[in-house]
2 protein chains.
Amino acid sequence: MRIGELARRTGISERALRYYEEQGLLRPARRPSGYRDYDEGAVDTVRDIRTLLAAGLPTALIAELLPCMVNGTAGLAPGCPELVPYLEKERDRISAAIDDLARTRSLLNAIIAATPPENPNPPVCDREPAVELATR
Amino acid sequence: MRIGELARRTGISERALRYYEEQGLLRPARRPSGYRDYDEGAVDTVRDIRTLLAAGLPTALIAELLPCMVNGTAGLAPGCPELVPYLEKERDRISAAIDDLARTRSLLNAIIAATPPENPNPPVCDREPAVELATR
DNA sequence: CTAAACCCTCACGTTGGCGTTAAGGTCAAG
DNA sequence: CTTGACCTTAACGCCAACGTGAGGGTTTAG
């Protein structure tokens, strides 16, 4: 398929798809005209790329990681044990990020719950503090 | 205290602290010399800023949110119900981010677990695919 | 009184993941 | 054979959260 269809099927802009290729994440075939020609597996690959990007992995690492994933059968290929330290590092970073996000979400929820509803004529503020901040 | 001490006590660079002020997140007093003069509460405020920043909240929203937090007693002040929609939006975004991170972490863990250990003389690849990708 | 440490305000540079023209080829339909 | 949809490369723009000097004042210790 050409780039437009892949963009529609993945929801990713054409610009982003060209960028992924520039970064070595996608390697579409080329037609005589120069048009990019993607196979069906590209749809899944793009989805994987998005998942990894959303997790904060840099494109350079994703580029090395993708060849370790067998596209069609959704399996893992051997041969990249040298990546493991990086993956462990990313995993730990992700764990820390999850913890931080969870704490912040609790904070936001507490603030939302404690916020007084819309009041056109608010009384003087004499309420007690209601939410613990500084979640250390 | 001056900016250097605050930087040491928070672990945040002086440049970042000046940037936070530029964005309206901190409002230190000024000495006749022009030097910034922070009170003790600034340490906690900086920590809150970092937590919220780490969760992806933009400085503009943090600037509106901070006045709703009573610094010393660690409580919540009323008077900002108009922020609630934004907070709910951020909370939902954070929830989605957590889910995505958790999925990616599982993916990374699976890859790590399935990666063959260092093998200077690897056999021909005839193993079965071991990891499910495309965690939709 | 001087040196060192500390602080100030510009103001440009960096990084990543794209968005956005600009200036043009390709291809199927009418 | 022209229109219009689709594609190409090239290249500049953007945003956030700072980093990194440049060039110069302030405070403190000896």
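Quick note on labels: first sequence line is chain A, next is B, and so on, each numbered from 1.
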Exercise for the section: Report yes if at least one side-chain N or O of B/S33 is closer than 4.0 Å to OP1 or OP2 of D/dT27; otherwise report no. Expected result: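 So the side chain of B/S33 is within the cut-off, an N or O lying under 4.0 Å from OP1 or OP2 of D/dT27.
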Practice task
Map B/L53 and A/G34 onto DNA chain D by nearest heavy atom, then report which one ends up closer to the 5' terminus.
Solution key: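 The residue mapped nearer the 5' terminus is A/G34.
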Exercise for the section: Between B/R2 and A/G4, just flag the one whose closest nucleotide in DNA chain D comes earlier from the 5' side. Expected result: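 Checking each residue's closest nucleotide, the 5'-ward one belongs to A/G4.
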With sequence neighbours left out, write down each residue that passes side-chain contact (heavy atoms from CB on, under 4.5 Å) with [X], or none if nothing qualifies.
| X | answer |
| --- | --- |
| A/A7 | A/E14, A/L17 |
| A/A16 | A/I12, A/S13, A/Y20 |
| B/S106 | none |
| B/R36 | B/I3, B/R18, B/E21, B/P28, B/R30, B/Y38 |

Handout entry: Closest listed nucleotide, where the reference is the side chain of A/Y35 and the choices are D/dT27, D/dC6, D/dC18
Key =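 Nearest to the side-chain atoms of A/Y35, counting from C-beta on, is D/dC6.
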Test salt bridge (charged side-chain N to carboxylate O under 4.0 Å, His left out) applied to [X] - qualifying residues, sequence neighbours left out:
| X | value |
| --- | --- |
| A/R27 | none |
| B/R31 | B/D37 |
| A/R9 | A/E5, A/E40 |

Problem - Rounded interatomic separation in angstrom, taking CD1 from B/I3 and C1' from D/dT26 - result: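 Interatomic distance, CD1 of B/I3 to C1' of D/dT26: 15 Å.
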Exercise for the section: Please state how far atom CD in A/E14 lies from atom P in D/dT8, giving the value in whole angstrom units. Expected result: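 After rounding, the reported distance stands at 7 Å.
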Handout entry: Lys/Arg-Asp/Glu bridge criterion (N-O < 4.0 Å) met for B/R103, B/D100
Key =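 Yes, this pair counts.
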Handout entry: Of residues 15-32 of chain B, the positions that come close to DNA chain C - non-hydrogen atoms, cut-off under 4.0 Å
Key =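 Those residues whose heavy atoms fall under 4.0 Å from DNA chain C, taken from residues 15-32 of chain B in numerical order, are B/R15, B/R18, B/R30.
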Problem - Outermost DNA chain C nucleotides near chain B [under 4.0 Å, heavy atoms] - result: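 Result: C/dC6 to C/dA11.
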